[in-house]
Amino acid sequence: MAEFIPVEPFDIVIFGGTGDLSRRKLIPALFHRYLDGQIDASCRIVGVARSEMSKSEFVEFAENACKAASENWHRDDWQNFAKLLEYVAMDVTEEGADWDPLKAYLTDDGRPRVFYLATTPLIYVATCEALGRAGLNTPNARLVLEKPIGKDLESANAINEGVGAVFDEHAIYRIDHYLGKETVQNLLVLRFANALLEPVWSRNAIDHVQITVAESIGLEGRADYYDRSGAVRDMVQNHLLQLLCLTAMEPPNTLDADDVRTEKIKVLKALKPFTAETVGADTVRGQYEAGLVDGEPVISYLETLSDDKPESKTETYAALKVEIRNGRWADVPFYLRTGKRMKSRKSNIVIQFKATPHRLFDNADRVPNRLVMNLQPDEGMRLYMQVKEPGPGGLRLQYLPLNLSYAENFTLRYPDAYERLLMDIVRGNLALFMRRDEVEEAWRWVDQLLASWAETDQPLETYAAGSQGPTQAAVMMDRDRRTWWQ
Ligand code: BG6
C-alpha cells in the first residue's frame with residue numbers, strides 16, 4: 001500500500017472554477033487526495049468564476065465532475081469533501097470588483113494560499129494585479145499558471161513581467177502537467193538510480209532518440225484556442241521539450257528545484273535553432289483529413305472549425321529532427337513527433353542504441369537494442385534484445401523485450417498528474433514547475449521554428465484521421481536510414 005503523507009492545511013482558490021480544467025482535472029484531483037487522507041478537513045476550496053451560481057449549484061457541478069472521474073464513488077466521502085467547497089461569482093478583472101466575499105472564505109492562520117489561474121492567459125496579468133490591489137499577494141500566497149504562457153517569446157515575457165511585478169518568482173508555479181505523470185518522473189529514477197545506464201547514455205552508445213506523443217482525440221471543443229496555436233505551440237513548446245530535457249539533461253547535483261531546472265535549461269540552450277535552410281528537410285507539418293479512428297468515422301480538421309475558417313493552415317501534426325549541441329549528444333538526433341487524430345493514443349520515448357560493430361552471426365540482422373519507455377497507456381519499459389531461439393539446428397536469433405510493466409508490478413491506482421502537482425504546490429516544492437527562463441528559452445527556440453516555417457512557406461502535408469501521420473514524416477526518417485518505432 002502506498003503511504004500518503006498529509007500536507008499542511010491550505011486554502012485554494014480556482015479562478016475559472018467552473019471551467020473545463022477545473023471540472024476534468026482540478027476538483028477530481030483534490031477529491032482523490034482528500035480520499036487518501038492527504039487533505040485536512042479545514043482546507044477551503046473556492047471556485048471563482050463570472051457565472052452567477054449558488055454554492056449548491058457549484059457543489060453539484062463538482063459532484064458530477066468527481067463522479068465522472070472516480071471509480072469508487074461513495075456518497076459519504078463526497079458529503080464530507082463537499083464541506084470544503086465554496087463559490088464566489090465575480091469578474092476579477094473588473095475595476096471595482098468586490099474581493100471581500102472571497103477574502104471571507106480564506107483562513108487567516110498563515111497557511112499556504114494557492115491562487116490557481118485556470119483561465120485564459122489573456123487575463124493572467126490583470127488577475128494578478130487585482131490580487132495585488134486586494135492585498136492577497138501575501139508571503140504565504142502561491143500563484144499557479146497553466147500553459148500556454150503566451151503564444152511566443154514576446155507575449156510570454158509580457159506575462160512573466162506582469163505576474164512577476166506582483167508575485168516573487170519563488171511563489172510562481174508554472175504547470176506542465178507532463179512533469180506530474182508517473183512515468184515521466186520515473187525517467188529521472190531510471191536514469192539516475194541505475195548505475196548501468198549512465199555509461200551508455202550518450203553518443204558513445206546511442207544512435208538516436210525518438211519522442212512521440214500521439215493522440216487519437218481531436219479538438220475536444222477547443223477549436224478556437226487550438227486553431228490559434230497548432231501542435232507546435234500546444235504540445236512541442238511544453239510537453240515534448242520537457243520530455244526531451246529530462247532525457248537529455250546532465251545529472252543534477254541534487255533534486256532541488258533549481259538544480260533540476262538549471263540542467264533542463266542547459267539542454268534548451270543547446271538546441272540548434274531551425275533556419276530557412278534546414279527547416280524543409282528537418283521538419284514536417286501536417287493537418288488531418290477525414291478518416292476512421294477506432295472504426296468510427298471522423299470529420300476533417302477544417303470541418304471541425306467554424307465556417308469562417310475554411311482555409312486554416314494550422315498544423316495538427318509536427319515531426320522534427322532536433323540537434324542538441326553539446327558533448328554528450330553531438331550527432332545524436334532527437335526525433336520528436338506529435339499529432340491529433342492519430343491511430344491511437346500512444347506516448348513513448350525510444351532510445352535506440354548503436355548496432356553491434358561486428359557481424360558475428362551472419363544469418364542475423366544486426367538489429368540494435370532499444371529501450372522503449374511507454375508513458376501512456378501501458379506504462380512501463382521494455383528493453384529489446386537479441387536472444388537465441390531455443391532448439392537445435394543452428395543459431396536463430398529473436399528480438400524480444402525484457403519487460404517491466406507497471407500494471408504487472410504495481411496494483412496501485414495511478415494518481416493523475418494534477419494530484420501530485422497540487423500537493424507539491426502546497427508543500428512549496430518547485431522542482432516539477434517551470435522557471436521563468438525555462439519557458440522563455442523554449443519559446444525562443446519555437447519562435448525560430450515558426451518563423452522559419454513562415455519564411456519558407458513550409459508545405460502543410462495531410463494525413464487521414466486514424467493514420468500514423470503524414471507520409472513525409474516517414475520520408476524524413478528514411479532519408480537518415482531510420483524508421484519510426486511503431
Ligand atoms: C494539453 C494540450 O496540454 O495536453 C492538449 O493542450 C492535449 O491539446 C493534452 O490533448 C494531452 O495531455 P494528456 O495528459 O492527455 O496526454
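Count residues from 1 along the sequence. Atoms within a ligand are numbered from 1 in the order they appear, just like the ligands themselves. The shown structure was predicted, so the numbers you read here are calculated from the model rather than taken from an experiment.
In this structure, the side chain to side chain contact (heavy atoms under 4.5 Å, CB included) partners of E63, at least two apart in sequence or on a different chain, are K67, W73, R75, W78.
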**OP:** Dump the intermediate steps for side chain to side chain contact (heavy atoms under 4.5 Å, CB included) on C245 and L268, then the final yes or no.
**Re:** CA-CA 7 Å; C245 285; L268 293 172; 3.7 Å; yes
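Side-chain contact between E250 and K266 is absent, with no heavy-atom pair separated by less than 4.5 Å.
Listed by first and then second residue, the side-chain hydrogen bond (donor to acceptor under 3.5 Å, both in side chains) pairs that reach into residues 235-248 are D176-H239, Q242-K264, Q242-E438, sequence neighbours excluded. The ring-ring contact (aromatic ring centres under 6.0 Å, His included) pairs that include a residue from residues 415-445 are Y173-F433, H177-Y418, F274-W445, where partners are two or more places apart or lie in different chains.
The 4.0 Å heavy-atom shell around ligand 1 contains residues K147, H177, Y178, K181, E215, I217, R222, D234, M235, H239, K340, R345, Q376, ordered by chain and number.
Taking the six-membered ring where the residue is Trp, H208 and Y335 present perpendicular rings, their angle passing 60° and hence far from 30°.
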